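Remarks on the structure that follows.
In what follows, chains carry the letters A, B, and so on, assigned in the order in which the sequence lines appear, proteins first and then strands, with residues in each chain numbered from 1. Keep in mind that what you see is a predicted model, and the values were worked out from it rather than measured.
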Amino acid sequence: MSVDLATVKRVARLARIAVTEEDANRMVGELNGIIDFVEQLSEVDVTGVEPMTSVTPMDMRKRQDAVTDGDKAEDVVANAPVTDRNFFLVPKVVE
Amino acid sequence: MTELTSLTIAEAREKLSSKEITSVELTKAYVDAIDAFNGTFNAYITTTPEKAMDMAKASDERRASGKVGALEGIPLGIKDLFATEGIHTQACSHILDGFKPKYESTVTQNLWDDGAVMLGKLNMDEFAMGSSNETSFYGPVINPWKAEGSNQQLVPGGSSGGSAAAVAAHLCAGATATDTGGSIRQPAAFTGTVGIKPTYGRCSRWGTVAFASSLDQAGPIARDVRDAAIMLKSMASVDKKDTTSVDLPIPDYEAALGQSVKGMKIGIPKEYRVDNMPEEIEALWQQGIAFLKDAGAEIVDISLPHTKYALPAYYIVAPAEASSNLARYDGVRYGLRVDGKDIADMYEKTRAAGFGTEVKRRIMIGTYVLSAGYYDAYYLQAQKVRTLIKRDFETVFHAGVDAILTPATPSSAFGIADENLAADPVAMYLNDIFTVTVNMAGLPGIAVPAGLDKKGLPLGLQLIGKPFEEETLFRTAHVIEQAAGKFTPAKWW
């Protein structure tokens, strides 16, 4: 499988990263280099092998579904670039 | 009188305890050293001298009142990946510009609870993606080591390059670091320091900026094996805020030092003898084998057949997890925002301006391998191969092997702005060829300096252990350290 310019642009769009024509052209070569390198995995026989989901077999610890934290609206928005009365502000999404 | 900054943590602990020195004196010595020499190394990207002196003063007061923590009064450097309340935390990325968290990471909180003093935040590859510290938004770190007769500036390795350089140049007594594919062990090897990546789950990941969540682990970089043992004991904890942190007792790692390795079975994996491996690395490995044999360990040849697939599997799993983790940097909740004509345009422009080239490359790879039609061929296949890699280790451990000895890196430190590496991302990735298997299997691994190459640069050996048997690694690494000695760069700064 090889990556072409259209694929690079599509993936950049999915990843929400603006790319210039020059970036995209450079990435074609780089991504193909990496994809070629990882391609060797296809030669491994994985018949009957479970995909790893956790390195240590463990049961997920659970807790009561109860409020343990909160009332920190000002802390939550403190690092946001643009806010108004503890809301995050974004460009208009709905007309 | 010896310089205070040349004391190891264990030595400083003794002098503090006997009231020969105070934490204020010790901390002031580090603050002055950072003032004088950080410009040379670019190891710290932000320093907190006032906070350091306040913490030192408070530590001396605690000590006077009889309350002495395990790291009481010891000045440490903190990798920029750890959230530190009210203090610059940016994973050395432009996209987190101005981020000052309202909370403290569990690992750093554990250190402060044990009495440690913070000197500042250390440089690293952006989002811990790199093996040379050259992807940092704040510029490269300079290795305190230079080849004999050469003035060339060398990299300290990465991603924890600032941590390793600061420890080697005596700009902190010890440092926190993190390791996703080798980011503690490779820089430790490049700087003649000791670094341990503990078992996945040993340290809480809460408050550590996420790169690849199934691989990331925090650990220390320190001057010697004892200091690394002291630091890890304080850093490790079970944490309600990280459900993958493990509820197992934390042993007194220091107590393992000096215990004999007689009768211990040390595995030598034949698959780590890679093509084009420099003779010096092979010689170092043989030297390590001889050290352990002399100490009474039994050396056995072993096979880990899926070793060669660990790095390609890593370069699917890690970017896939990163592309998901880094989706949160969208110009809305924190950091950089670049305005656009609509919300999608704002996202795209913010991320284009905020992420560096290597980070973008990995997000792109991750997005590609997770995209419709490719998931099974890449991601699922890589996770299955990961199961096989782990099974390789389980098989040898089950057969009685106590620890595995390998080289830590395929070379000594290389030059800043190496043209061949800049042109070929995969060549840079090969730096992690010996370390990455350990992350894929969630095992503990320690890098310990074991000699110098012909150029006079440090080389490290790696020991890999069973899950949660860090004590075995400390014990065995200490034997190597005793035999090889310690390595300090000749001071040119």
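By the 30° and 60° cut-offs, the orientation of the rings of Phe397(B) relative to Phe393(B) is parallel.
The contact between Ser245(B) and chain A is made by backbone and side chain atoms together, counting heavy-atom distances below 4.5 Å. Residue Leu443(B): no heavy atom, backbone or side chain, is found under 4.5 Å from chain A. If you measure heavy-atom distances from Pro319(B) to chain A, you find no contacts under 4.5 Å at all. Using a 4.5 Å cut-off between heavy atoms, Asp59(A) does not touch chain B at all. Neither the backbone nor the side chain of Val19(A) comes within contact range of chain B; no heavy atoms are under 4.5 Å apart. Residue Glu50(A) touches chain B through its backbone alone, counting heavy-atom pairs closer than 4.5 Å. Looking at Thr7(A), the atoms closer than 4.5 Å to chain B (heavy atoms on both sides) all sit in the side chain, from C-beta outward. Contact of Lys308(B) with chain A is made through backbone and side chain together, with heavy-atom distances under 4.5 Å. No part of Tyr379(B) comes within reach of chain A, as not one of its non-hydrogen atoms sits under 4.5 angstrom from that chain. Of the two parts of Ala313(B), the backbone and the side chain both hold a non-hydrogen atom closer than 4.5 Å to a non-hydrogen atom of chain A. Only the side chain of Val426(B) has a heavy atom closer than 4.5 Å to any heavy atom of chain A. Contacts of Phe37(A) with chain B are made by both backbone and side-chain atoms, with heavy-atom separations under 4.5 Å.
Neither side chain, Ser323(B) nor Arg362(B), offers a donor N or O lying under 3.5 Å from an acceptor on the other. Side-chain contact annotation: Tyr378(B) with Glu39(A), donor-acceptor N/O pair under 3.5 Å present.
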Q: Report the C-alpha separation of Tyr314(B) and Leu215(B) in whole Å, then their side-chain angles, then the decisive distance to 0.1 Å, and conclude whether the side-chain contact (heavy atoms from CB on, under 4.5 Å) test is met.
A: CA-CA 9 Å; Tyr314(B) 175 85; Leu215(B) 301 159; 3.7 Å; yes
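Between Glu30(A) and Lys360(B) there is no salt bridge, since no side-chain nitrogen of the basic residue lies less than 4.0 Å from a carboxylate oxygen of the acidic one.
Residue with the most contacts toward chain B among Lys62(A), Glu43(A), Arg63(A): Glu43(A) (heavy-atom pairs, distance under 4.5 Å).
Against chain A, the residues from residues 343-359 of chain B that qualify, each with a non-hydrogen atom under 4.5 angstrom away, are Ile343(B), Ala344(B), Met346(B), Tyr347(B), Glu348(B), Lys349(B), Arg351(B), Ala352(B), Thr357(B) in number order.
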